[in-house]
Amino acid sequence: PMAAAFRFILALASGVTISTSQVRADLFINKARPVNDHCATATKVTKFPLQTSGTLAHATQDEFAVACNPPAEESFAVWRTISNGVWYQIEAPAGTGLIAKVRGRGSDVSSEVIMTNSEEKICPSMFMCVKGITSESRNRSGDPIPTRSYQWHAEEGAIYYIYIDGAGETPGGEYSLYVNTFDDATPTGNAYLRKMN
């Protein structure tokens with residue numbers, strides 16, 4: 001909320017001034033939030049390729065966890081994200097090769113690719129890691145803003161999310177996103193796509 005002082009004059013229809021006073025009012029300015037501010041309102045990627053851009057300005061806080069292996073397995077890692085970001089949702093036939101590239105515009109951003117499945121809640125408090133290849137590149141030598149790439153193959157019943165949030169001291173930065181499919185059947189490995197910031 002912002003506070004501001006206004007000086008106002010209350011007048012009758014006849015134009016006679018009744019009083020003049022100093023008042024203090026709280027102004028609640030509803031900043032325009034991104035349409036994909038929440039997981040439940042994630043932008044659905046239905047056509048490929050997708051080339052889009054957006055802003056994190058006025059995004060509200062998200063809090064969720066990501067598990068890299070089912071609890072029944074010996075290796076079980078969890079990380080938690082508490083940040084202000086935006087969401088994109090992808091569903092594709094099993095075996096489809098998918099690639100996503102995220103880059104900040106003017107300042108760096110952080111990003112991650114996570115998943116759930118149709119048997120779970122669409123937007124659970126605990127997501128699952130995605131097996132694939134994570135890489136980072138720069139347009140030119142010395143470029144301070146990297147392009148972060150995620151490459152994986154869709155699994156049966158999986159729902160994927162790309163989460164983009166601010167990096168460092170720039171929570172409201174702008175970003176560009178590219179998503180496409182690829183035909184290369186080469187396995188993307190057993191490593192997990194990692195959060196990159």
Side-chain angles (χ1 to χ4, degrees), residues 33-56 59-73 76-104 109-136 147-166 174-197:
R33 294 180 295 187
V35 295
N36 52 351
D37 184 37
H38 299 293
C39 174
T41 58
T43 298
K44 294 184 178 180
V45 180
T46 57
K47 295 181 179 180
F48 303 96
L50 168 75
Q51 180 75 61
T52 189
S53 59
T55 178
L56 302 173
T60 55
Q61 189 176 84
D62 300 292
E63 182 173 356
F64 57 89
V66 182
C68 285
N69 275 327
E73 296 186 14
F76 182 58
V78 175
W79 77 75
R80 182 171 297 278
T81 293
I82 303 175
S83 190
N84 297 40
V86 295
W87 299 78
Y88 289 84
Q89 183 189 81
I90 304 171
E91 291 186 65
T96 301
L98 293 165
I99 184 168
K101 296 183 179 182
V102 181
R103 187 176 190 273
V109 294
S110 175
S111 55
E112 56 192 299
V113 176
I114 52 182
M115 64 175 281
T116 181
N117 58 58
S118 56
E119 297 178 358
E120 302 290 336
K121 293 170 56 179
I122 294 298
C123 293
S125 57
M126 175 81 76
F127 289 87
M128 293 179 288
C129 292
V130 179
K131 288 185 177 181
I133 298 172
T134 313
S135 61
E136 182 176 288
T147 297
R148 297 185 169 103
S149 300
Y150 306 86
Q151 187 172 320
W152 74 100
H153 286 94
E155 298 180 14
E156 185 70 37
I159 302 171
Y160 298 95
Y161 291 92
I162 301 171
Y163 182 70
I164 304 171
D165 58 324
E174 297 183 346
Y175 64 89
S176 62
L177 170 66
Y178 172 81
V179 183
N180 204 358
T181 59
F182 64 90
D183 297 327
D184 186 358
T186 303
T188 48
N190 291 320
Y192 288 102
L193 298 179
R194 66 184 187 277
K195 179 178 176 68
M196 300 185 71
N197 51 16

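For reference, positions follow the sequence shown, starting with 1.
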Return the minimal non-hydrogen interatomic distance between [X] and [Y], and the atom names on each side.
X: L98; Y: A92; result: CD1-CB, 4.2 Å
X: W79; Y: L193; result: CH2-O, 4.0 Å
X: G85; Y: L56; result: CA-CD2, 4.3 Å
X: E174; Y: V109; result: O-CG1, 3.8 Å
X: P124; Y: T116; result: CG-OG1, 3.8 Å
X: C123; Y: A40; result: SG-N, 3.5 Å

Going from [atom1] on [X] to [atom2] on [Y], what distance comes out if it is rounded to the nearest 0.5 angstrom?
X: I99; Y: H153; atom1: CD1; atom2: NE2; answer: 11.0 Å
X: E112; Y: I162; atom1: CD; atom2: CD1; answer: 11.0 Å
X: N36; Y: K44; atom1: CG; atom2: NZ; answer: 13.0 Å
X: M128; Y: Y192; atom1: CE; atom2: OH; answer: 10.0 Å
X: Y161; Y: T43; atom1: OH; atom2: OG1; answer: 11.5 Å
X: Q51; Y: L177; atom1: CD; atom2: CG; answer: 8.0 Å

With a 4.5 Å limit on heavy-atom distance, are the side chains of [X] and [Y] in contact?
X: D62; Y: I82; result: no
X: F64; Y: C39; result: no
X: Q151; Y: F182; result: yes

Residue that, paired with S111, satisfies side chain to side chain donor-acceptor pair (under 3.5 Å) out of Y150, Y175, Y88: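 When side chain to side chain donor-acceptor pair (under 3.5 Å) is applied between S111 and each of Y150, Y175, Y88, only Y150 qualifies.
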F127/W87 aromatic ring centres below 6.0 Å: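 Yes, close enough.
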side-chain contact (heavy atoms from CB on, under 4.5 Å) assessment of N117 paired with I159: CA-CA 5 Å; N117 58 58; I159 302 171; over 6 Å; no
Short side-chain donor-acceptor distance under 3.5 Å, N180 and Y178: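 Yes, a side-chain donor-acceptor pair sits under 3.5 Å.
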Backbone N/O of V35 and side chain of T41: donor-acceptor pair under 3.5 Å: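 The answer is yes, because a donor-acceptor pair under 3.5 Å joins these two groups.
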